[in-house]
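Order of listing sets the numbers, starting from 1, for every ligand and every atom in it. Everything numeric in this text was worked out from a predicted model, so none of it was measured.
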Amino acid sequence: MEIIIQATPEAAADVAARIVARQLREKPACVLGLATGITPLLLYQKLIALHLDWSGVTTFNLDEYIGLPRGHPQSYHTFMWENLFKHVNIVAENVHIPDGNAQNIPESCATYEARIHSAGGIDLQVLGIGTDGHIGFNEPTSSLASRTRIKTLTPRTRQDNARYFGSEEDVPHHVVTMGIGTIMEAKQNLLLATGQHKAHAIAEAVEGPVTSMNPASILQLHPRVKVTLDEAAASGLQRAEYYRWVYDHKPDWQAL
Ligand code: PGA
């Protein structure tokens, strides 16, 4: 894991935007995995401002609520179109978001996996992290080998997400999420976390044991992971000084 600590959420998002932009420039027909939530918003704003060419890009989102109409203000379909897709030249057919309204959800999950596979797999997966360590909506004790499927949100995640819905009661209980096994097959993972409320989950994910109690900790077993953090999210790390030194002394050949 490469841990990149920046002074502010803005600077952390800048680094993440450079990593994504580089992927798009190096492989214009790349496959991106995308995340929702407050954390990637800054990243998406920066990507929009870079005026990159998205015409060849295919995207797969991590997750979606079950039962919210597509056009609901809190659906991840709405989130992605409002905050990224409508501002770039992506081709609508190349956008994939799990369908939380499918008649047969298990079948649509299997189709989602097959589409990722036939697109050639995900080149770069953007991830956020829950305060409980979830990635996608893979809550603690999710199978570390799981594939795209239905999950039930924990009370903590429903509390965390109540801020978007206005009240906790309105947050759906069920979601469709890529599995941890799906995320682990991405060629590269980029986890972005900001804020003090993420410090504990990040410390466990980066420096704790690999355990389904903190699903993000599985990323320790992935060969190519970058974790971009602001100071607050990095504040629980024991080896922060070391990570800073590594990043500040990167030889040219090892550039981002
Ligand atoms: P947040 O969500 O960016 O809104 O904090 C992160 C997540 O739950 O993955």
Side-chain angles (χ1 to χ4, degrees), residues 6 8-10 12-13 15-17 20 32-47 60-66 68 73-80 82-84 97-98 100 122 125-142 146 148 151-168 170-180 182-184 186 189-206 212-219 225-236:
Q6 298 288 294
T8 61
E10 171 92 7
V15 172
V20 178
L32 289 185
L34 295 175
T36 50
I38 208 124
T39 316
L41 266 183
L42 255 183
L43 163 65
Y44 295 153
Q45 284 162 12
K46 288 177 185 296
L47 287 175
F60 288 90
N61 260 79
L62 283 167
D63 43 21
E64 179 60 285
Y65 292 107
I66 290 182
L68 281 193
Q74 298 310 328
S75 79
Y76 287 164
H77 185 272
T78 302
F79 177 99
M80 289 309 300
E82 286 303 312
N83 295 304
L84 178 63
I97 300 172
I122 292 170
Q125 174 70 56
V126 175
L127 297 168
I129 185 169
T131 56
D132 61 4
H134 71 217
I135 45 175
F137 268 137
N138 294 284
E139 298 284 29
T141 71
S142 286
S146 50
T148 303
K151 280 296 288 181
T152 306
L153 296 180
T154 58
R156 179 156 174 194
T157 297
R158 291 185 63 248
Q159 267 162 29
D160 285 348
N161 288 4
R163 64 191 192 270
Y164 307 117
F165 284 82
S167 91
E168 197 179 320
D170 294 333
V171 182
H173 283 270
H174 295 105
V175 295
V176 180
T177 181
M178 270 187 211
I180 297 176
T182 323
I183 293 167
M184 288 296 282
N189 273 291
L190 169 61
L191 192 157
L192 180 58
T194 56
Q196 187 66 40
H197 61 305
K198 299 292 173 73
H200 180 70
I202 284 292
E204 279 190 338
V206 173
S212 66
M213 286 298 281
N214 179 311
S217 65
I218 190 71
L219 295 170
V225 179
K226 289 184 167 64
V227 181
T228 54
L229 307 169
D230 70 345
E231 288 289 352
S235 61

Which residues pass the side-chain hydrogen bond (donor to acceptor under 3.5 Å, both in side chains) test with Q196, sequence neighbours left out? S235
Residue pair K151 / S142, side-chain donor-acceptor N/O under 3.5 Å: yes
Could you tell me which residues satisfy salt bridge (Lys or Arg N to Asp or Glu O under 4.0 Å) with E82, sequence neighbours excluded, listed by chain and number? K86
Y65 ring center near F137 ring center (under 6.0 Å): yes
T154 pairs by side chain to side chain donor-acceptor pair (under 3.5 Å) with which of H173, Q159, E139? E139
List for me each residue that meets side-chain hydrogen bond (donor to acceptor under 3.5 Å, both in side chains) alongside N61, sequence neighbours excluded, and say none if there are none. none
Under 3.5 Å, N/O to N/O: give me all the pairs between ligand 1 and the protein, one per line with atom names and distance.
| unit_1 | atom_1 | unit_2 | atom_2 | d |
| --- | --- | --- | --- | --- |
| ligand 1 | 3 (O) | I38 | N | 3.3 |
| ligand 1 | 3 (O) | T39 | N | 2.9 |
| ligand 1 | 3 (O) | T39 | OG1 | 2.4 |
| ligand 1 | 4 (O) | I38 | N | 2.9 |
| ligand 1 | 4 (O) | R163 | NH2 | 3.2 |
| ligand 1 | 4 (O) | Y164 | OH | 2.5 |
| ligand 1 | 5 (O) | K198 | NZ | 2.6 |
| ligand 1 | 8 (O) | H134 | NE2 | 2.6 |

